[in-house]
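Read the numbers this way: they start at 1 and go in the same order the structure lists the ligands and their atoms.
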Amino acid sequence: MKVFLIGGGGREHALADAISRSPDLDRLYCAPGNAGIAAVAECLPIGAEDVDGIEGFVRENAIDLTIIGPERPLILGVADRLRLGGYPVYGPNASAARLEGSKAFTDEILSRHGISDKQFQVFTSPAEAKAYIDEQAVPIVVKADGDAFGKGVKVCASRAEAYDFVDEVMVRRAFGASGDRVVIEECLVGEECTIKVFTDGRTVLPMVASQDHKRIGEGDTGPNTGGMGCYSPVPSVDDALQASIVAEIVKPTVAAMAAEGAPYSGTLYAGCILTDSGPELIEYNCRFGDPETQVVIPRLQSDLLGVLAATAAGKLEGIELEWSEQVAACVVIASGGYPGDYEKGKLITGLDEAAALDGVKVYHAGTAAEDGKAYTSGGRVLGVTALGEDFDDAFDRAYAAVDMISFEGMYCRRDIGRRARRNYSG
Ligand code: AMP
Ligand code: GLY
């Protein structure tokens, strides 16, 4: 098969690495890719949101499967364009990617189909949003409807804070057109967990659970990031809990999308909160998580390309996935200053030595190659994953690899996996 992967982060490196081992692969292309992906795929100077460029490449090169990694191209309709041309694609159409692209859409479809009884209201006017907030208890959650790079949600402790975030979104337009509408939700309380599945619109195949660390600082302090590290499995998400989230939330959502003429095909990522009255959905993502992919995919023993192709073809029924019993740990290495301003273009050393350690994979995220060397080119630079027999073993291996890598200003959290490790002494 000739395969084309869209994206250029750590998620895409983990996907590219697994796809490159498939017996069915003939050629792997990636746009735009990064310095690590370049070792397993031919990287192309086409932007991940360049619909015309992507379609042109697929047509001219007779690509058998295009896999779309990030959410933006999915929300923008890159998958639609390829499907219209008759090209197989992994990832949902824009109408289905609304599950990530519009929080109002998601709350409304879940409510309409009796999947959630969370209280919420959608507003196009700041005055009406504030009048509604006046009648509600606090804390209360205010969300920009559209995609806001993970910054469009605020859990507000007071009404004053909620008014201010309504103004931030709708009046000061902090997230542009994503703030045309706001969603005001009741504040749910409980532990959070995420469940990801492969689905072709009918069959749902769960992946193993993973736990991300969103905050920049140790002890889960400081601003939110794209994710600073992760592990899989997750001790608090047992098989019964996973099965109940799939049966009560994810499968009914997939059925609801099909019933409403927007069948969902690709990865569906459900962020849930475990309330006293059972699991509730807080967000869907229309893609693999990053860095969750860097711990989930290394545990997949089945051929990833086969699963992605079967999903794209609507033929997941009857497929069973094999997962490794090993623990996977991933520590993200970021540029100093991230998630705020940071410098780029720093030379990265120690990559080969780290990657040579037993059980270790160094996934590139924000890197660029020049003259055979790797330089930083983004906020999250690398995801260092290790497989081990238990959490301590996996994290010891991952941190040993981290310690071999260096660049000016490099930052990582030292406490990833703290809750799962027996011998953490931070
Ligand atoms: P989202 O971008 O929708 O995942 O929201 C980001 C974070 O806000 C979530 O991970 C939760 O911690 C929190 N959150 C979102 N919605 C709610 C809610 N209805 N109740 C409590 N916390 C929420
Ligand atoms: N790590 C969270 C995400 O991919 O959205």
Side-chain angles (χ1 to χ4, degrees), residues 7 9-12 14-15 69-72 74-75 97-107 110-111 116-122 133 136-157 161-162 165 169 175 178 182-196 207 209-216 220 223-232 234 267-277 279-297 330-332 334 339 363 365 379-380 383 413 416:
R11 161 183 50 216
E12 287 77 24
L15 295 173
E71 65 276 19
R72 291 296 308 161
L74 293 164
I75 292 168
R98 281 181 296 173
L99 283 178
E100 175 160 3
S102 169
K103 295 181 189 305
F105 172 82
T106 299
D107 278 352
L110 293 191
S111 165
S116 165
D117 51 17
K118 176 174 66 186
Q119 295 296 311
F120 73 95
Q121 287 286 328
V122 181
I133 289 167
Q136 306 302 311
V138 286
I140 190 153
V141 183
V142 179
K143 301 185 172 184
D145 175 43
D147 183 25
F149 302 100
K151 299 196 174 77
V153 173
K154 189 151 196 194
V155 179
C156 301
E161 203 181 333
F165 198 64
V169 170
F175 314 108
S178 289
V182 287
V183 184
I184 315 282
E185 294 182 2
E186 73 171 297
C187 186
L188 303 169
V189 182
E191 197 182 328
E192 292 181 30
C193 72
T194 64
I195 301 294
K196 288 168 287 301
M207 303 184 206
S210 57
Q211 177 69 51
D212 190 11
H213 297 62
K214 299 286 281 184
R215 304 294 198 93
I216 188 72
D220 296 323
N224 264 325
T225 69
M228 292 304 294
C230 204
Y231 54 83
S232 174
V234 183
T267 301
L268 185 56
Y269 168 133
C272 298
I273 195 158
L274 308 175
T275 74
D276 288 342
S277 53
E280 272 281 352
L281 185 95
I282 40 178
E283 66 160 347
Y284 274 127
N285 291 329
C286 62
R287 53 178 169 83
F288 289 99
D290 186 341
E292 288 91 335
T293 309
Q294 292 90 306
V295 291
V296 169
I297 294 304
C330 176
V331 178
V332 169
Y363 295 120
R380 290 188 296 170
R413 276 180 62 168
I416 304 298

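Relative to the six-membered ring of Phe105, Arg98 meets both conditions, a distance below 6.0 Å and an angle of at most 45° to the axis.
Using a distance-only test at 3.5 Å, with no hydrogens or angles considered, a donor-acceptor pair links the side chain of Thr106 to the main chain of Leu99. Using modelled atom types, no side-chain atom of Arg11 and backbone atom of Arg287 make a donor-acceptor pair closer than 3.5 Å. Judged by distance alone, the side chain of Glu185 and the main-chain N or O of Val141 form no donor-acceptor pair under 3.5 Å. Of the possible donor and acceptor atoms, one in the side chain of Thr225 sits under 3.5 Å from a partner among the backbone N and O of Lys214. Listed for the Ser232 side chain is a donor-acceptor partner under 3.5 Å among the backbone atoms of Ala209.
Residues that satisfy the side-chain hydrogen bond (donor to acceptor under 3.5 Å, both in side chains) test with Glu283, not counting sequence neighbours, are absent from this structure. Annotation: salt bridge (charged side-chain N to carboxylate O under 4.0 Å, His left out) contacts of Arg413 (sequence neighbours excluded): Asp220, Asp415.
Around ligand 2 you find Asp212, Lys214, Gly226, Tyr269, Asn285, Arg287, Gly289, Asp290, Pro291, Glu292, each with a heavy-atom distance below 4.0 Å. Contact residues of ligand 1 (protein heavy atom closer than 4.0 angstrom to a ligand atom; sorted by chain and number): Lys103, Val141, Lys143, Val153, Val155, Glu185, Glu186, Cys187, Leu188, Glu192, Ile282, Glu283.
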Report task. Check step by step if side-chain hydrogen bond (donor to acceptor under 3.5 Å, both in side chains) holds for Ser210 and Lys196. Result -> CA-CA 9 Å; Ser210 57; Lys196 288 168 287 301; 2.9 Å; yes

